[in-house]
Amino acid sequence: MRIGDLQTPALLVEAADLEHNLATMSAALPGERLRPHVKAHKCTELARRQADGGHVGFTCATIRECEGMAAAGLGTDVMLANEVLDARRLGALVARNDDVRVTLAVDSEPTIEAAVAGGVRDVVIDVNVGLPRCGCPPEDAGRLADLSRSKGLDVRGVMGYEGHVVGNDDRAFRESATADAMKLLVQAHGDVGGELISAGGTGTYDINTWATEIQAGSYALMDTAYGHLDLPFRQALSVLATVVSVSPGYAVADCGLKALGMDHGNPTILDATVFFCSDEHVTFIPDEGSPVRVGDRIRVLPAHVDPTVAYHERMHIVDVDDVVEAWPVDLRGW
Ligand SMILES: Cc1ncc(COP(=O)(O)O)c(C=O)c1O
């Protein structure tokens, strides 16, 4: 099949770029140094390639991702790096699969209670290292670890995601802010114990030397927001669209904000300037000398990979214009 035969909008992944990204990361962070985050691709076929590259443990953001990874035989060490107040599906998953291990992030008494009530056995203490999201104050981590152990949970260590740092364009800032964040996490780990200090993302994969494992995800497919950071990863992901209307001064393709994660801004179209996106459309201004016609196919580069992928049922693995394979985006939903 050729990409010209695909219905649009369609998610495309350039096979050579994906291979490059996976190999580059595996060389930098071999084996257990990387716990790939599957939220960035939501695809067990892609996770299998990461496992083939030597990475045994995975990071998940939803219960559904943990279940899907287990069903695909990739659940021997999954971490749900997120808080849940109903952990019964996780407990059931562990109870019915001897070879599945789920480690759940907890950051409060209610989340510890939920882990116990749900039948979860393993937890990490989630520590706030500067991102105003989940995570306990660092000085509270030891108390929460003691509480967890008193209730029979196995505390494997700490996690603390420096999400306020990973996307900053300035490497010097990323270095100093990661050092500050990890000082807090290492201190908390001293109070908690356990073998894991889990942290990091694509923007700090080679900076965060304090963590025992890095939770990077975006590196596999990449997006234009991370593309500004001068990382050694290539933009493998695009959305194929069809030009459906051309007017004086602008053109419109069938790839709108229902096919693109827009929270990091407009997508990019080569040889054109994106004007705006609406539900089903991207309106763009072709560069002089690069006119488009109705029916032309264009590749739209998303600014944020994770929510973009979550809109699509499958990703088409392509070799330039040939569709080599189609992988289901089978970890969608909650
Ligand atoms: C808990 C957690 N860890 C790690 C990451 C790193 O992901 P990325 O590689 O996209 O920076 C994320 C992304 O949002 C995250 O939420």
Side-chain angles (χ1 to χ4, degrees), residues 18 21-22 24-26 28-29 33-43 46-47 50 55 57-66 69 78-84 102-107 111 123-136 156-169 171 173-174 177-178 181-182 184-185 196-208 210-237 261 263-264 302-310 331 334:
L18 172 64
N21 293 346
L22 296 182
T24 302
M25 184 61 99
S26 293
L29 299 176
R33 275 288 293 147
L34 181 72
R35 183 184 283 277
H37 208 321
V38 302
K39 75 197 271 274
H41 56 68
K42 285 186 172 287
C43 173
L46 205 163
Q50 292 172 313
H55 312 295
F58 286 91
T59 313
C60 297
T62 64
I63 293 176
R64 170 78 196 101
E65 288 172 2
C66 296
M69 290 294 284
V78 293
M79 177 185 293
L80 180 48
N82 209 353
E83 277 62 19
V84 298
V102 177
T103 302
L104 175 62
V106 293
D107 69 353
T111 52
V123 295
V124 282
I125 308 299
D126 188 2
V127 179
N128 185 329
V129 295
L131 173 69
R133 209 171 66 179
C134 298
C136 67
R156 296 187 68 193
V158 292
M159 70 155 269
Y161 173 51
E162 70 275 28
H164 56 304
V165 179
V166 291
N168 194 292
D169 289 6
R171 188 177 169 96
F173 169 83
R174 296 205 303 282
T178 301
M182 290 304 111
L184 300 174
L185 191 59
L196 297 183
I197 304 178
S198 197
T202 297
T204 56
Y205 82 99
D206 62 339
I207 292 173
N208 193 332
W210 297 266
T212 59
E213 57 179 32
I214 300 295
Q215 301 179 349
S218 299
Y219 74 95
L221 299 177
M222 286 293 281
D223 53 36
T224 61
Y226 262 138
H228 294 133
L229 263 59
D230 199 21
L231 300 169
F233 308 112
R234 297 181 189 155
Q235 179 74 37
L237 183 78
D263 60 314
H264 287 174
H304 193 183
V305 51
D306 311 50
T308 298
V309 169
L331 299 175
W334 289 267

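Atoms within a ligand are numbered from 1 in the order they appear, just like the ligands themselves. For reference, positions follow the sequence shown, starting with 1.
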Q: Give the residue and atom name of whichever protein heavy atom lies nearest to atom 14 (O) of ligand 1, and the separation in Å to one decimal.
A: K39 NZ, 2.6 Å

Q: Of the side chain and backbone of R133, name the one, both, or neither that has a heavy atom under 4.0 Å from an atom of ligand 1.
A: side chain

Q: Report the distance from atom CZ of F58 to atom CG of L80, rounding to the nearest 0.5 Å.
A: 15.0 Å

Q: Do me a favour and list the nearest non-hydrogen protein atom to atom 10 (O) of ligand 1 with residue, atom name and distance?
A: S218 OG, 2.4 Å

Q: Cut-off 3.5 Å, side chains only: do H228 and D169 have a donor facing an acceptor?
A: no

Q: Under a 4.0 angstrom heavy-atom cut-off, which atoms of ligand 1 come close to G201?
A: 6 (C), 9 (O), 11 (O)

Q: Tell me: protein heavy atom nearest atom 3 (N) of ligand 1, and distance?
A: Q215 OE1, 2.6 Å

Q: I'd like to check which ligand 1 atoms, numbered from 1 as shown, lie under 4.0 Å from a non-hydrogen atom of G217.
A: 7 (O), 8 (P), 9 (O)

Q: Say whether, by atom type as modelled, one donor and one acceptor occur between the side chain of E162 and the main chain of G200 under 3.5 angstrom.
A: yes

Q: Only heavy atoms of G200, strictly under 4.0 Å: list the atoms of ligand 1 that pass.
A: 4 (C), 6 (C)

Q: State the atoms of ligand 1, each with its element, that fall below the 4.0 Å cut-off from a heavy-atom position in A216.
A: 9 (O)

Q: Checking the side chain of N21 only, and the main-chain atoms of F233 only, is there a donor and an acceptor separated by less than 3.5 Å?
A: no

Q: Would you mind telling me if ligand 1 is within reach of the side chain of Y219, the backbone, both or neither, using heavy atoms under 4.0 Å?
A: neither

Q: With a 4.5 Å heavy-atom cut-off, do L231 and Y205 have their side chains touching?
A: yes

Q: Measuring from atom CD1 of I214 to atom NE2 of H55, what distance do you get when rounded to the nearest 0.5 angstrom?
A: 12.0 Å

Q: Would you say the side-chain atoms of Y226 pair up with the backbone N or O of Y219, donor to acceptor, closer than 3.5 Å?
A: no

Q: Taking NZ, NE, NH1 and NH2 as the nitrogens, is one of them in R171 or D206 under 4.0 Å from a carboxylate oxygen of the other?
A: yes

Q: Could you list the atoms of ligand 1 found under 4.0 angstrom from a heavy atom of Y226?
A: 8 (P), 10 (O), 11 (O)

Q: Looking only at protein heavy atoms, identify the closest one to atom 15 (C) of ligand 1 and say how far it is in Å.
A: Y161 CE2, 3.4 Å

